[in-house]
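Shown next, in structure tokens, is the structure this report addresses.
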Amino acid sequence: MEEHPSVREDIWIPTLCYNCNMGICLIRARRVNGVVVNLEGNAEGEKLESLSRNKGGVCPKAYGVIQKLYNPHRIKAPMKRTNPEKGRGID
């Protein structure tokens, strides 16, 4: 398979997923030109699959984090209160 000429970087990065209450899952993230485009379960290494909770798979919550990261409407700065009055029932 031939790479597109604009692809300067295409690497897999081992990382962890902390998104559910099952514990830490071992995953790999594929980064193309600085943008995460895919996730896989990371079961490489001796007996690593038996030690990880996800057994080499990825749940949908990890994919949701990618969507949250690159959402153009996400909050990128601290929010400021516009009403100088504070208290219950005051908008």
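Residue numbers start at 1 and run along the sequence shown.
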Checklist entry - Is there a donor-acceptor contact under 3.5 Å from the side chain of Glu40 to the main chain of Val58? => result no

Item to check | Point-to-point distance, once rounded to the nearest 0.5 Å, from SG of Cys17 to CG of Leu39 | outcome: 8.0 Å

Next on the checklist: Count I, L, V, M, F, W, Y as connected when their side-chain heavy atoms are under 4.5 Å apart, and connections chain through other members. Are Leu69 and Tyr63 then in the same cluster?
Outcome noted: yes

Checklist outcome for this item: Value for CG (Leu26) from OG1 (Thr15), rounded to nearest 0.5 Å, stands at 9.5 Å

Item to check | ILVMFWY clustering at 4.5 Å (side-chain atoms), partners of Trp12 | outcome: none

Next on the checklist: I'd like to check Leu16 versus Ile27 (side-chain heavy atoms, cut-off strictly below 4.5 Å). Are they in contact?
Outcome noted: no

Next on the checklist: Could you check whether any side-chain N or O of Tyr70 sits under 3.5 Å from a backbone N or O of Val36, counting only pairs where one atom can act as donor and the other as acceptor?
Outcome noted: yes

Checklist entry - Can any side-chain N or O of Arg30 pair as donor or acceptor with the backbone N or O of Asp10 at less than 3.5 Å? => result no

Checklist entry - Can you tell me how far the CG atom of Asn19 sits from the SG atom of Cys59, to the nearest 0.5 Å? => result 7.0 Å

Checklist entry - Taking Asn33 for the side chain and Arg8 for the main chain, is one N or O donor matched with an acceptor at less than 3.5 Å? => result yes

Checklist entry - Is Ile13 reachable from Tyr18 through a run of I, L, V, M, F, W or Y residues, each pair having side-chain heavy atoms under 4.5 Å apart? => result no

Next on the checklist: Nearest 0.5 angstrom please: Lys68 NZ to His73 NE2, how far?
Outcome noted: 16.0 Å

